[in-house]
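Scroll down for the structure; my scribbles are underneath it.
Just so it is clear, the structure is predicted and the values come from calculations on it, not from any experiment.
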Amino acid sequence: MKAVILAGGKGEGLYPLTEGQQKELLSVLGKPVLSYVMEGLMKAGISEFVIVTSDKGREIERELPNTDAGYEVVYQKKEGIEGAISEGISKISDKYYVLAFGDIITSSQLYSSLLSLYYTNGKPSISLTPIGEGFNTYGLVEIEGGRIKVVRSGSTLALAGAYVLPTETMDNFEEYLSSLNPSYFVWSGPWVDIGYPEDILTAIENLLNERRGTFISDGANVARSAVLGNQVIIEDRATIEDYAVIKGPAYIGKDAYIGNFSLIRSFSSIERNAIIGAYSEVAHTLVGQGVEIGSKSYLTYSVVGREAKIGAGTITKTSMTNKVVRGRSNKFGCVIPPKGKVDHGSVLKPFYAEG
């Protein structure tokens, strides 16, 4: 069985992080979001993929890690989710296929459970997940008499973004799902739909909590005086300078540089080629690829877009978000756009997002 992965969403909730980049290619713990979906499906037994994306996704072939899976990239021309599905299944000859959303970070067990349900019942199968009250969005579900019904509000169950469906087109995806009378199961494990910057921080929490033990690449350069906590991941050619402290769980990507006396606190992801200046502190933050953070800076609960330059002595403030995302309010600092520049000594208010 093949899988169609939809990876062409506009990513408006993540703007400006998605300006010029498909959201499924945002890097979290050293890998694009899309690769987590593919890995989960591969563990469930799927080895062939059709990835439907937009023009912003033309970096997919370069960004995806080497894998044994075969995949074909289709650039979406037709409108809407129905158009994307139509273009994806045009590459499939099997009677059934797996449909997955490329912006979901969850456990591979969700995909295994989905495939197991399908092989047991031999009929369309879908995954659902519980969410908090008051969250109104695409893909809420009610169950009436054992049948599912897709609704716009008033439910605490949502489509979890993975389905086994007949290889056929439809005019309205929501109505189509309701008409299929599919088998379903409710997934209660870790699950994040990457739609807002806060979701990226939740994904980092989930992924690092799943990791066990410390991994330090043989090719990393860690000073003897550096202090490493538990569940720390340090990739190849990363440099940790004297008296720096990495308090796990945390991720330090390939070729990243952590300066003298810097402190990387829990649930931080320092991506490839990022530079953290001396005496700086980073906590609960995504530092994107190629970012430069000047010395004596303090960043917390923030998302820094790739290749941004943060001047020395920069401080981010945090507050509770005034919106409910995935049923909860989150503490959050700043979004700093890709290639954004922040002057030395800046104090950034929450949700700062200027170029």
Completion exercise
The reported gap from CD in Glu48 to CG in Asp94 (rounded to nearest 0.5 angstrom) is 8.5 Å

Practice task
State which residues pass salt bridge (charged side-chain N to carboxylate O under 4.0 Å, His left out) with Lys247; sequence neighbours excluded, sorted by chain then number.
Solution key: none

Exercise for the section: Answer yes if the side chains of Glu241 and Thr239 hold a donor-acceptor pair under 3.5 Å, and no otherwise. Expected result: no

Exercise for the section: Kindly indicate whether the side chain of Thr318, heavy atoms from C-beta on, has any atom under 4.5 Å from the side chain of Lys331. Expected result: yes

Problem - Reported CD-to-OG1 distance for the pair Glu12 and Thr18, which is rounded to 0.5 angstrom - result: 8.5 Å

Exercise for the section: Search all heavy atoms of Gly102 against all heavy atoms of Val33 and return the closest pair with its distance. Expected result: O-CG1, 3.6 Å

Problem - Close side-chain approach of Leu14 to Ile194, heavy-atom, < 4.5 Å - result: yes

Handout entry: Trp187-Ser113 side chain donor-acceptor pair, cut-off 3.5 Å
Key = no

Exercise for the section: Would you give the length of the straight line joining atom OG1 of Thr300 to atom CG of Leu201, rounded to the nearest 0.5 angstrom? Expected result: 9.0 Å

Problem - Side chain Ser302, main chain Cys334, donor-acceptor under 3.5 Å - result: yes

Practice task
Would you please name every residue forming a side chain to side chain donor-acceptor pair (under 3.5 Å) with Glu59, sequence neighbours left out?
Solution key: Arg62

Problem - All ring-ring contact (aromatic ring centres under 6.0 Å, His included) counterparts of Tyr96, not counting sequence neighbours - result: Tyr118

Practice task
Decide whether Val164 and Met170 are clustered together by the hydrophobic rule: side chain heavy atoms of Ile, Leu, Val, Met, Phe, Trp, Tyr closer than 4.5 Å, transitively.
Solution key: yes

Completion exercise
Residue pairs meeting salt bridge (charged side-chain N to carboxylate O under 4.0 Å, His left out), one or both in residues 163-173, sequence neighbours left out, come to none

Problem - Modelled atom types, side-chain donor and acceptor of Ser86 and Lys78, under 3.5 Å - result: yes

Practice task
Find out whether Leu34 and Ile51 are in side-chain contact, i.e. whether some heavy atom of one side chain is under 4.5 Å from a heavy atom of the other.
Solution key: yes

Handout entry: Spatial distance of atom OG (Ser47) from atom CE (Met38) [nearest 0.5 Å]
Key = 10.5 Å

Fill in the blank from the handout: Heavy-atom closest pair (Ser127 atom, Ala162 atom, distance to 0.1 Å) is OG-O, 3.0 Å

Handout entry: Any donor-acceptor pair under 3.5 Å from Ser179 side chain to Leu177 backbone
Key = no

Handout entry: side chain to side chain donor-acceptor pair (under 3.5 Å) against Asp218, all qualifying residues, sequence neighbours excluded
Key = none

Exercise for the section: Just jot down the ring-ring contact (aromatic ring centres under 6.0 Å, His included) partners of Tyr301, sequence neighbours excluded, or say none. Expected result: His284

Problem - Rounded distance [0.5 Å steps], OG in Ser268 versus CD1 in Ile246 - result: 9.0 Å

Problem - OH on Tyr176 to CD1 on Ile81, rounded to 0.5 Å - result: 12.0 Å

Handout entry: Gln22 and Ser54: side chain donor to acceptor below 3.5 Å
Key = yes

Problem - Non-hydrogen side-chain atoms of Lys91 and Val74 separated by less than 4.5 Å - result: yes

Practice task
Determine which pairs satisfy salt bridge (charged side-chain N to carboxylate O under 4.0 Å, His left out) with at least one residue from residues 15-33, sequence neighbours left out, and list them in order.
Solution key: Lys23-Asp103, Lys31-Glu39

Problem - pair Ile234-Phe215: side-chain heavy atoms closer than 4.5 Å - result: no

Exercise for the section: Only counting residues at least two apart or in another chain, list the ones meeting side chain to side chain donor-acceptor pair (under 3.5 Å) with Ser266. Expected result: none

Handout entry: Minimum side-chain heavy-atom gap Lys317-Val347 below 4.5 Å
Key = yes

Practice task
Mind telling me whether Tyr163 and Phe101 have parallel, tilted or perpendicular rings, with 30° and 60° as the class edges?
Solution key: tilted

Practice task
Treat each ILVMFWY residue as a node, draw an edge where side-chain heavy atoms are under 4.5 Å apart, and state whether Tyr111 and Val186 are in one component.
Solution key: yes

Handout entry: Candidates Leu41, Ile105, Ile104 - the one meeting side chain to side chain contact (heavy atoms under 4.5 Å, CB included) with Tyr36
Key = Ile105

Handout entry: salt bridge (charged side-chain N to carboxylate O under 4.0 Å, His left out): pairs with one or both residues in residues 249-260, sequence neighbours excluded
Key = Arg237-Asp255

Handout entry: Inter- and intrachain pairs under salt bridge (charged side-chain N to carboxylate O under 4.0 Å, His left out), touching residues 272-288, at least two apart
Key = Arg265-Glu281

Practice task
For residues Pro350 and Phe332, report the shortest heavy-atom separation together with the two atoms involved.
Solution key: CB-O, 4.2 Å

Exercise for the section: Just jot down the side chain to side chain donor-acceptor pair (under 3.5 Å) partners of Ser297, sequence neighbours excluded, or say none. Expected result: none

Side-chain donor-acceptor contacts of residues 221-233 below 3.5 Å, not counting sequence neighbours, with atom names and distances?
residue	atom	partner	partner atom	Å
Ser225	OG	Asp242	OD1	2.6
Ser225	OG	Tyr243	N	3.1
Gln231	NE2	Leu208	O	3.3
Gln231	NE2	Arg211	O	2.7

Practice task
Tell me, yes or no, whether the heavy-atom count around Tyr75 atom OH, taken from other residues, nucleotides or ligands under 6.0 Å, exceeds 12.
Solution key: yes

Handout entry: Glu174 and Arg152 ion-paired at < 4.0 Å
Key = yes

Exercise for the section: Report yes if the side chains of Tyr257 and Ile276 come closer than 4.5 Å at any heavy-atom pair, otherwise no. Expected result: no

Practice task
Determine, stepwise, if the pair Ser27 / Glu271 fulfils side-chain hydrogen bond (donor to acceptor under 3.5 Å, both in side chains).
Solution key: CA-CA 7 Å; Ser27 183; Glu271 299 294 315; 2.5 Å; yes

Exercise for the section: Determine whether Ile310 and Ile336 make a side-chain contact, defined as any pair of heavy atoms from C-beta on separated by less than 4.5 Å. Expected result: yes

